[in-house]
Amino acid sequence: QVQLVESGGDLVQPGGSLRLSCAASGFAFSSYTMNWYRQAPGKERELVATITSTGGTTHYGDSVKGRFTISRDNAKNTVYLQMNSLKPEDTAVYYCNFLYIGIITTNFWGQGTQVTVSS
């Protein structure tokens with residue numbers, strides 16, 4: 001069964017750093033592009049970062065470019081989001097995501113992990 005389990009969210013002060021992890025199981029992780037999204041209260045869900053199956057190509061949303069880094073370890077079936085120079089506007093629930101392609105093509109999401117940036 002497909003599972004995505006995020007962890008690492010916390011309360012952090014502005015300027016601080018945090019690393020999120022997403023542990024994946026139940027599918028061929030190394031064959032899929034993985035994504036991080038976030039959703040702040042009252043805001044639209046926003047694509048934060050994406051990484052191709054081998055990690056060869058990454059893309060970032062404009063609001064996080066230069067501060068966040070997405071990476072993956074296919075041997076561990078895990079994707080990471082390193083977040084530096086955090087700002088209050090980064091406060092959101094962060095979700096791991098991929099588009100599963102099989103008999104039924106489906107977007108899968110983790111349960112989310114809360115990141116709060118506040119002094």
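Computed over heavy atoms, backbone and side chain alike; hydrogens, waters and symmetry mates excluded. Numbers here are sequence positions counted from 1.
Contact annotation: the side chain of D90 never approaches that of M83 to less than 4.5 Å [non-hydrogen atoms, C-beta and beyond]. V115 has its side chain out of reach of T91: every pair of non-hydrogen atoms, C-beta onward, lies at least 4.5 Å apart.
For the atom pair T57 OG1 and I70 CD1, the distance stands at 12.0 Å (nearest 0.5 Å). Considering OG of S30 and CG of N77, their distance stands at 7.5 Å, rounded to 0.5 Å. Taking OH of Y95 as the start and OH of Y37 as the end, the distance is 13.0 Å to the nearest 0.5 Å. Taking OH from Y94 and CG from N97, the interatomic distance works out to 15.5 Å, rounded to the nearest 0.5 Å. If you take OH on Y60 and OG1 on T50, they are separated by 10.0 Å, rounding to the nearest 0.5 Å. Taken from CZ in R38 to CZ in F68, the straight-line distance is 5.5 Å, to the nearest 0.5 Å.
Taken together through direct or relayed side-chain contacts under 4.5 Å among Ile, Leu, Val, Met, Phe, Trp and Tyr, W109 and V48 form parts of separate hydrophobic clusters. L47 and F98 are members of different hydrophobic clusters when ILVMFWY side chains are connected at heavy-atom separations under 4.5 Å. Using a 4.5 Å cut-off between side-chain heavy atoms of Ile, Leu, Val, Met, Phe, Trp and Tyr, with links allowed through other members, W36 and V93 fall into different hydrophobic clusters.
In terms of heavy-atom proximity, S119 sits nearest to P14 at N-CD, 3.7 Å.
Partner of L18 under the side chain to side chain contact (heavy atoms under 4.5 Å, CB included) criterion, out of L81, L86, T113, L11: L86 alone. Each of L20, I51, L4 was checked for a side chain to side chain contact (heavy atoms under 4.5 Å, CB included) with V79, and the lone residue meeting it is I51.
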Requested in this report: Give the intermediate values and the outcome of side-chain contact (heavy atoms from CB on, under 4.5 Å) for residues E46 and S63.
Outcome: CA-CA 10 Å; E46 173 189 21; S63 63; 3.0 Å; yes
Report task. Using the side-chain contact (heavy atoms from CB on, under 4.5 Å) rule, take F27 and Q3 through it: C-alpha gap first, then chi angles, then the decisive distance, then the call. Result -> CA-CA 8 Å; F27 66 102; Q3 285 194 56; over 6 Å; no
Report task. Under the side-chain contact (heavy atoms from CB on, under 4.5 Å) rule, what do Y80 and M34 come out as? Steps first, then yes or no, please. Result -> CA-CA 10 Å; Y80 305 95; M34 299 297 297; over 6 Å; no
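Partners of Q114 under the side-chain hydrogen bond (donor to acceptor under 3.5 Å, both in side chains) rule, at least two apart in sequence or in another chain, are T116. Under the side-chain hydrogen bond (donor to acceptor under 3.5 Å, both in side chains) criterion, Q82 pairs with N84, not counting sequence neighbours.
Under the disulfide (SG to SG under 2.5 Å) criterion, the residue pairs touching residues 25-99 are C22-C96, with sequence neighbours excluded.
Judged by distance alone, with hydrogens and angles left aside, the side-chain atoms of N74 form a donor-acceptor pair with the main-chain N or O of S53 at under 3.5 Å. At least one donor-acceptor pair closer than 3.5 Å links the side chain of D73 to the backbone N or O of A75. Checked by atom type and distance alone, the side chain of E6 pairs as donor or acceptor with a backbone atom of Q111 at under 3.5 Å.
Cation-pi geometry between R72 and Y32 is not satisfied (NZ or CZ under 6.0 Å from the ring centre, within 45° of the ring normal).
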